[in-house]
Structures are given as C-alpha cells and as structure tokens.
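Shown next, in structure tokens, is the structure this report addresses.
Per chain, numbering begins at 1; letters A, B, ... match sequence-line order.
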Amino acid sequence: MTTDHIVTRFPPSPTGYLHIGGARTALFNWLFARQRGGKFILRIEDTDKERSSDQATRAILESMEWLGLDWDEGPYFQSERYDIYTSYIERLIEAGQAYHCHCSPEELDIRRAEAKAKGLKPKYDGKCRELGLGPAPGSVVRLKTPQWGETQFNDMVKGAITFNNDELDDLILKRSDGSPTYHMAVVADDISLGVNYIIRGDDHVNNTPRQILIYKALGEPIPQYAHVPMILGPDKTRLSKRHGATSVLAYRDMGYLPHALINSLARLGWSHGDQEKFSREELIQKFSLENVGKSAGVFNAEKLLDLNAYYIREAADENLAVLLPPFLKGLGIEAPEEKKLKGAASTLKARSKTLVEMAESALFYFQDQVKYEENGDKKFLKPDVLDLLNDLNGSLKKMSDFNHAELEKLFITFLDEKKIKLGKVAQPLRVALTGKTVSPGIFEVMDVLGKEEVSARISRAIDHIKAKA
RNA sequence: GGUCCCAUCGUCUAGCGGUUUAGGAUACUGGCCUCUCACGCCGGAGACACGGGUUCGAUUCCCGUUGGGACUACCA
C-alpha cells in the first residue's frame, strides 16, 4: 500500500484558530492519504510575520490532535525554509523564466490606475520584462509568464478548467525584502516535499494556473488538483466569526465529540449514497474525491448537534465518564466519584445532546443538597405526599439489594398496597431526589444514588415539606 | 468591471436520459410508547431558479438569463 506514493498536505496559515472550513480541508487530505496508504504532511504557512502568531500555531496543532488528524511529516514552518525558496528563485532566473523588476509600488499603482482608466486590465505592464536588469535595492523578482496560449488542468472535483494566459500577469516571486511570495513558497514547498495531490478550498481555483506556470517554468511535474467547495454561513456568505462558532476548539469546549464533528464535516460536500453516519474506519474506506459535490454548502449546526447526540448515546459509559469531569468542574464539581460518573453517563446519554448538557443534567447526582426547582417544589412537594414518602422511605430502608430490578419489584407491591399508580409517587419522588421535574427514570436515579443517599434525600424532602407548612 | 466556479425540500444531500407519485438526513409537525424528559417507532408538510434548444422522452446533456461565490496585492 505504501508503494503508490500519494502525498497530500494541509497548509494552514497561523493567523487565527483552525475553523471548520480548514478542518474539513485537512480531513479530506487526511482521508485521501490514509485510504491510499499515502503520506499526510502538515505545513505552517507563516511567511506573513505581521499576521502570524505562535498562539495560533498552537491552537491549530491542538485542533488537529483533538480531531485525531495525525500527520506523518511536519509541521514544517515556511519561515524556516527561506533557503529553499531562494534556490528555486535562482533556478528560475538562471533559466530565463524570471527577471528582476525595478518598478516601485508607487509607479505600479499609477500605471495600474491608468490602465484601468483606459479600460485595460490592471495587470503588470511588463516594463522590466525584457530589460535584463540585475538585482538592486528595492527590486523584486517576477515570473516571466507566457503572454499567449492557455493553461488548463483537470480538477478532480470540478473537471476541466481553462484559463487564457493573457489573463495572468508577471506575478512577483520574491519581494523587495527578499522574502518569497505565497505562490513561490507553496510551489517550492510542494515540489520539495513531494506533494502530488493538492486538495484545497475552491477559493484557490484562480491561483492554480499561476502555480502551474511556476511548475512549468521549473520543468517540474504538475500535481493533481482537487478543489473542494467552500463552506458558507447561514446567510450564504463565506463563513466567518459573524456566524458564531466556527472554531474547532469552540466545538470541543461546547461539549462536542470529535467524531461527531468529523462525521458532520465529511458529509458537508461529500456523500456516499444515503448514508449519514460513518465510523472513522468507514470514512477512510469509503471517501472518494469523485463523490465530492461541486457547490458550496451551508454548515448545518443543527445536524451536527443531532449527530453529537447520536454519538453520545452510542458511546460507552466508561468513555463518557472520562470526558465528563472537565465539564463538571466548570460547574463546581471538583472530584466526582467514578461510580457515579458512569451512572450519570449511562442514565443521561440518551438525554444529552452535548457533554455540557450532560454535565448540567448530572449535577444533582453530585450535590449533597439538591436545590428544589420552584415549579416542582410547589406542585409536588405538598403535605398530601408526606405519608406516601414516609412509608416509601420505610420500605426502601429495609431493602437488602438496592438496584433497578429490586426497586421495580418493591414498587409494584408498594403501589398495589397503596392502590395508586406510579405517576402519583414518581413526580414527588423525582423532585425529592433530583430537585427537578425532569430526570432519568426514577429507578435508574435511585440505583445510581444508592440506598443511603436516596433515603437521606427523601427525609430531607419530608422535612422541607413540613417546614413549608 | 474582468476572469473562473456553482445552482434539487429552510439546511446537508441521493439522483449520473426513461425504474421518480424526485429518495434519505436534519429542522418543523401529528400520533404511539411512557413514572417526567429524552430515546425509539409510525405518519405529515416541504425542492428540481427561469427561458430556449437536443431527444420519442429531460431533474439529468447543450446554450442563454437570473442569482450566489471566489479570485483579481510586494496576504495566505
């Protein structure tokens, strides 16, 4: 499998957190490489010193790790690879494919404005193209792009795309401060790292012919391209902070499971018939660029929430018990008991859409003194249930095996003796035990709480009712 | 403005000329289950942007219109 040499990469620029659009691009590259036994490289594009930060880099790596998108090589940092770019630029100049240009940005602005006024394209006019100039302070290096003909490539998701070369101008390869521009750095990196499949957002479609021209000038083989459609916000514009949570880490903090996000991202733009749920292994096995759609899509947060709820209720209690403490801590529960954590997970997993929600619902298990919800208190903790609770508590205290099955048996006899229905005791009991009118099944709750605590909570409710009267 | 890309229920999508009364998911909604709330199960409403072709036959192919998006920097 390792013989087919597929190399993909994900090259975020560390100008902010990893957002879900970037995460999906990373996922597609990762899936493609994993499926074909190839290599997945992580590269940090930090050539813009002004906007890059270490903090952003750390957030990106943390996001990738949380999602489980492991990389085989890197992270490479472009800022540490300037020698490589310089050597490629030298190669281009020596081959006569690039030239030094002495035009200043100010001159360029003026000439561009003039061209525009005349209704011409505002591209570089080629003034220094044939002058044979050498390097000078403030000069840049430009690619000598063909002035006629066309550049075509066969995109793996969009099909054949053609550009007229006269639409492209002599783009700058090396800035006046000696640093490489984006196009130069990307191409040099992808060549030197052996990247042969470039899967990226379709905002790069227009950049592709420029980069292909650099490959051609260098005489290097052109990689395969796959441009995946963008992810849009609910208002159908490019996803941004305005649209609320877009950061991968934000979803982690909101109590989402990494796999729910992965599954959701995979299904945004890609499909496999009618299937909605995929395990990680299934994604690797079934992913294909051919089934990536061509049109941009709106990120559906509701569907992600539903998937998250699904994966939570499918998860093993032990796993959830491990994930829960950080969220409980945020609610003031410092050292939750292991047994209760599992109990909470088991009884709450069908009722929680996120781990945050689960932690909130689980609070009553860990509080000694549950706070009675106002409505429940008023409606169910009334003097007329005093005898019922008292008698019940008496019977419960006599139990030797305090578990779900035994409790159910005891209640059948108890209800029979009292000639009442379960509904009559369940709600008052629920409020007594959990403080709320909504909770997991009453037998499950008692099972998790254990005999001592159940009894103590009932006694406390009885005292509370008496105190009210 | 120019260039490039895109267009099926609100949203994500299946569909790759006839098998379609256009399927699934989500959200919404009616019911069942039931100790509350969920879960689960059954049902409902909801889409091929428009106009021309091509064809015996277009959601599917071609062209145009409209709409949306991207790019157009010594940002990435």
Polar side-chain contact [X]-[N] base: donor and acceptor under 3.5 Å:
{"X": "A:Asp48", "N": "B:A76", "answer": "no"}
{"X": "A:Ser439", "N": "B:C37", "answer": "no"}
{"X": "A:Lys303", "N": "B:C12", "answer": "yes"}

Spacing of the [atom1] atoms in [M] and [N] (rounded, Å):
{"N": "B:A7", "M": "B:G64", "atom1": "C1'", "value": "15 Å"}
{"N": "B:A38", "M": "B:U29", "atom1": "P", "value": "12 Å"}
{"N": "B:G51", "M": "B:G69", "atom1": "C1'", "value": "23 Å"}
{"N": "B:A25", "M": "B:C50", "atom1": "P", "value": "26 Å"}
{"N": "B:U59", "M": "B:C41", "atom1": "C1'", "value": "33 Å"}
{"N": "B:G17", "M": "B:C39", "atom1": "P", "value": "40 Å"}
{"N": "B:C28", "M": "B:C35", "atom1": "C1'", "value": "28 Å"}
{"N": "B:U66", "M": "B:G23", "atom1": "C1'", "value": "29 Å"}

Given atom [atom1] of [X] and atom [atom2] of [N], what is their separation to the nearest angstrom?
{"X": "A:Lys121", "N": "B:U3", "atom1": "NZ", "atom2": "P", "result": "6 Å"}
{"X": "A:Glu302", "N": "B:A25", "atom1": "CD", "atom2": "P", "result": "16 Å"}
{"X": "A:Gln275", "N": "B:U26", "atom1": "CD", "atom2": "P", "result": "14 Å"}
{"X": "A:Arg351", "N": "B:U34", "atom1": "CZ", "atom2": "P", "result": "15 Å"}
{"X": "A:Asn207", "N": "B:C5", "atom1": "CG", "atom2": "P", "result": "15 Å"}
{"X": "A:Asp274", "N": "B:U20", "atom1": "CG", "atom2": "C1'", "result": "14 Å"}
{"X": "A:His19", "N": "B:A76", "atom1": "NE2", "atom2": "P", "result": "16 Å"}
{"X": "A:Leu173", "N": "B:A73", "atom1": "CG", "atom2": "C1'", "result": "14 Å"}

Just to be sure I understand the rule, does [X] reach a base, reach only the sugar-phosphate, or reach nothing, if contact means heavy atoms closer than 4.0 Å?
{"X": "A:Asn300", "value": "base"}
{"X": "A:Thr237", "value": "sugar-phosphate"}
{"X": "A:Gly269", "value": "sugar-phosphate"}
{"X": "A:Ile172", "value": "base"}
{"X": "A:Cys101", "value": "nothing"}
{"X": "A:Ser352", "value": "nothing"}
{"X": "A:Val140", "value": "base"}
{"X": "A:Glu276", "value": "base"}
{"X": "A:Pro440", "value": "base"}
{"X": "A:Ser176", "value": "base"}
{"X": "A:Gly441", "value": "base"}

Approximate separation, where rounding is to 0.5 Å, of A:Lys127 NZ and A:Arg111 CZ: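 With rounding to 0.5 Å, NZ (A:Lys127) is 5.0 Å from CZ (A:Arg111).
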
Any A:Lys121 side-chain heavy atom under 4.5 Å of A:Glu167 side chain: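 The answer is yes, as the side chains (C-beta and beyond) meet within the 4.5 Å cut-off.
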
Let me know which of A:Gln275, A:Glu276, A:His272 forms a side-chain hydrogen bond (donor to acceptor under 3.5 Å, both in side chains) with A:Arg267.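 Among the candidates, only A:Glu276 passes.
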
Should the heavy atoms of other residues, nucleotides or ligands under 6.0 Å from CD of A:Gln55 be counted, would the total exceed 12? no

Are A:Phe40 and A:Phe10 near enough that their ring centres are under 6.0 Å apart?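 Not close enough - the centres of the two rings lie 6.0 Å or further apart.
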
Pairing nucleotide - [N], Watson-Crick or G-U, each distance under 3.5 Å:
{"N": "B:C41", "result": "B:G31"}
{"N": "B:A7", "result": "B:U66"}
{"N": "B:U19", "result": "none"}
{"N": "B:G1", "result": "B:U72"}

Taking the side chain of [X] as its heavy atoms from C-beta onward, which of [options] lies nearest to it?
{"X": "A:Ser295", "options": "B:C35, B:A76, B:C6", "answer": "B:C6"}
{"X": "A:Val438", "options": "B:C12, B:A70, B:U36", "answer": "B:U36"}
{"X": "A:Arg210", "options": "B:C71, B:C12, B:C74", "answer": "B:C71"}
{"X": "A:Arg112", "options": "B:A73, B:A76, B:C35", "answer": "B:A73"}
{"X": "A:Val298", "options": "B:C6, B:C12, B:A76", "answer": "B:C12"}

Kindly say if [X] contacts the phosphate of [N], meaning a side-chain N or O under 4.0 Å from OP1 or OP2.
{"X": "A:Arg238", "N": "B:C71", "value": "yes"}
{"X": "A:Thr437", "N": "B:U36", "value": "no"}
{"X": "A:Lys236", "N": "B:G68", "value": "no"}
{"X": "A:Thr47", "N": "B:A76", "value": "yes"}
{"X": "A:Arg313", "N": "B:G40", "value": "yes"}

Test salt bridge (Lys or Arg N to Asp or Glu O under 4.0 Å) applied to A:Lys349 - qualifying residues, sequence neighbours left out: A:Asp317

Could A:Asp189 and A:Arg9 be called an ion pair, given the rule that one side-chain N must be under 4.0 Å from one carboxylate O?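 No.
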
Quick test of your reading of the model: are A:Lys451 and A:Glu406 salt-bridged, counting only N-O distances below 4.0 Å?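 The answer is no: the pair does not qualify as a salt bridge.
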
Along RNA chain B (nearest heavy atom to each residue), the more 5'-positioned of A:Phe443 and A:His204: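 Nearest-nucleotide comparison on RNA chain B picks A:Phe443.
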
By nearest nucleotide on RNA chain B, pick out whichever of A:Leu268 and A:Leu108 is the more 5' one. A:Leu268

Regarding A:Lys436 and the six-membered ring of A:Phe364, is the cationic atom NZ or CZ under 6.0 Å from the ring centre and inside 45° of its axis? no

